[in-house]
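To start, the structure under review is shown below, and the notes come after it.
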2 protein chains.
Amino acid sequence: MTPTTAGDEDSDARRRRRRSGAAIKESMRELSVQLSLLNHQISASFDLRDTDFDCLDVIKRHGPLTPSGLARRTGLHAATLTGILDRLERGEWIARERDPADRRAVIVRARRERNPELFRKFAGMNSAMDGLLADYSPDQLELLADFLRRTADAGRGATDALVRGAD
Amino acid sequence: MTPTTAGDEDSDARRRRRRSGAAIKESMRELSVQLSLLNHQISASFDLRDTDFDCLDVIKRHGPLTPSGLARRTGLHAATLTGILDRLERGEWIARERDPADRRAVIVRARRERNPELFRKFAGMNSAMDGLLADYSPDQLELLADFLRRTADAGRGATDALVRGAD
DNA sequence: TCGTACGATACGAGAACCGTAGCATCTATT
DNA sequence: AATAGATGCTACGGTTCTCGTATCGTACGA
């Protein structure tokens, strides 16, 4: 919950810190890979590509938005997004609407009808997580929630930096 | 570090637990999306596809293995893996070797030469993580490391279940 | 020795990606 | 008000990817 500041520590604490830090990054990388593979299986079962559900998630989270806004946020090519949105629309995951304010623009809105279906695919991971979370105290859970939220933010920042800077 | 057992709790604790649990899953999903997009940018910058580095990671982690073993572990189609390994080999990320024991088999080995180059792409995310981790105590870091490791395992289990069962 | 199973890749049809062009529309400038 | 340029989205097309199937070499049980 309340992270301590890392002012001065004895060498033992510093060593533990270094070890855990490395372990965290290591597990994070593996977690990323596993979630990607899980996502691949689920996407394929709905006749979608890997990035499609990523986009759908962004649409759900950041409200109705335009294809170009989605392209900026994801770093994907605008023309690629046409294909992604075509598939998502064909599968009735989203709806394309016209923007009354700007008639060039299209507004992409997430449809929730198929959410339960998608939820069922995640049931395995979900119940595994429930079992795992049961081992932690409310305080610990809040620590974890906060950490994950901040890490997700860091990921967004890192992606943005890569998209902007050509490096 | 030492998770408490969730035997009996008052309603307040239960409510906190439920809220945090939901927040954790929510952030995990967002984290997954952000890391996928980050991975996409990095892969593209090396002329690779999204899943290529996922495979490379599995190869690095689970030692030299055969294409079919990799297919089983990742749930990807064997023919698709030929293409993935072609790209990884062309980029000198892996080497294909013959198995002296079974002359049909090929052994895929990760090459480490380009690791620094890859590491540089992750520098942004890496330093962001360092800044973030500095806010936690050694005990808290160990809690986080353990949680992530167990979550990654859960992800692997869920993927396996989806690959096996046709659901 | 033979038949079957298995590992890896070749092949090809269909699809995806993305650079570019095109069209419609908006906005700033004069 | 008129025009030039910018912007939003999608069509088009070349290159590349995916994945079902076929193929070839090898292993192994009968």
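Every chain is numbered from 1, with letters handed out A, B, ... down the list of sequences.
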Between [X] ([atom1]) and [N] ([atom2]), how many Å, whole number?
X: A/Glu97; N: D/dC9; atom1: CD; atom2: P; result: 13 Å
X: A/Asp86; N: C/dA16; atom1: CG; atom2: P; result: 9 Å
X: A/Glu89; N: D/dC9; atom1: CD; atom2: P; result: 13 Å
X: A/Ile107; N: D/dG8; atom1: CD1; atom2: P; result: 13 Å
X: B/Arg87; N: C/dT9; atom1: CZ; atom2: C1'; result: 15 Å
X: A/Arg90; N: C/dA15; atom1: CZ; atom2: P; result: 9 Å
X: B/Asp47; N: C/dC17; atom1: CG; atom2: C1'; result: 13 Å
X: B/Leu88; N: C/dT9; atom1: CG; atom2: P; result: 13 Å

Output for pair (A/Asp57 CG, B/Ser32 OG), nearest 0.5 Å, gives 8.0 Å
Nearest 0.5 Å, please: how far is OG in A/Ser27 from CG in B/Leu148? 6.0 Å
Path from A/Leu141 to A/Leu132 over hydrophobic side-chain contacts below 4.5 Å: yes
Under 4.5 Å between side-chain heavy atoms, counting indirect links through other Ile/Leu/Val/Met/Phe/Trp/Tyr residues: same cluster for B/Leu85 and B/Ile107 or not? no
Among residues 32-41 of chain B, which contact DNA chain D at a heavy-atom distance under 4.0 Å? none
Please work out which residues in residues 49-75 of chain A have a non-hydrogen atom less than 4.0 Å from an atom of DNA chain D and list them by number. A/Thr66, A/Pro67, A/Ser68
So, the side chain of [X] versus the backbone of [Y]: is there a donor-acceptor pair under 3.5 Å, distance only?
X: B/Thr51; Y: B/Asp54; answer: no
X: A/Arg114; Y: A/Gly91; answer: yes
X: A/Asp146; Y: A/Leu143; answer: no

Per the side-chain contact (heavy atoms from CB on, under 4.5 Å) rule, which among A/Thr80, A/Leu81, A/Leu48, A/Val108 passes with A/Cys55? A/Leu81
Using nucleotides 22-28 of chain D, report all nitrogen or oxygen pairs with the protein that are shorter than 3.5 Å.
from, atom 1, to, atom 2, distance (Å)
D/dA27, OP1, B/Arg103, N, 3.0

What are the two closest heavy atoms between B/Arg109 and B/Pro64, and how far apart are they? NH1-CG, 3.4 Å
For A/Gln41 and B/Thr159, which heavy atoms make the closest approach, and how far apart are they? CG-CG2, 4.1 Å
B/Arg61 side chain reached by A/Glu26 side chain, heavy atoms, under 4.5 Å: yes
Which residues share a side chain to side chain contact (heavy atoms under 4.5 Å, CB included) with B/Asp153, sequence neighbours left out: B/Arg149
Using a cutoff of under 3.5 Å, can you pull out all pairs of nitrogen or oxygen atoms linking the protein to nucleotides 19-21 of chain C, with atom names and distances?
from, atom 1, to, atom 2, distance (Å)
C/dG19, OP2, A/His77, NE2, 2.7

Quick note, A/Ala105 side chain, CB onward, closest among D/dG8, D/dT10, C/dT9 is D/dG8
Hey, does the side chain of B/Arg96 come within less than 4.0 Å of C/dA8's phosphate (OP1/OP2), counting only N and O? no
Which residue pairs pass the ring-ring contact (aromatic ring centres under 6.0 Å, His included) test with at least one member in residues 80-104 of chain B, sequence neighbours excluded? B/Phe46-B/Trp93, B/Phe53-B/Trp93
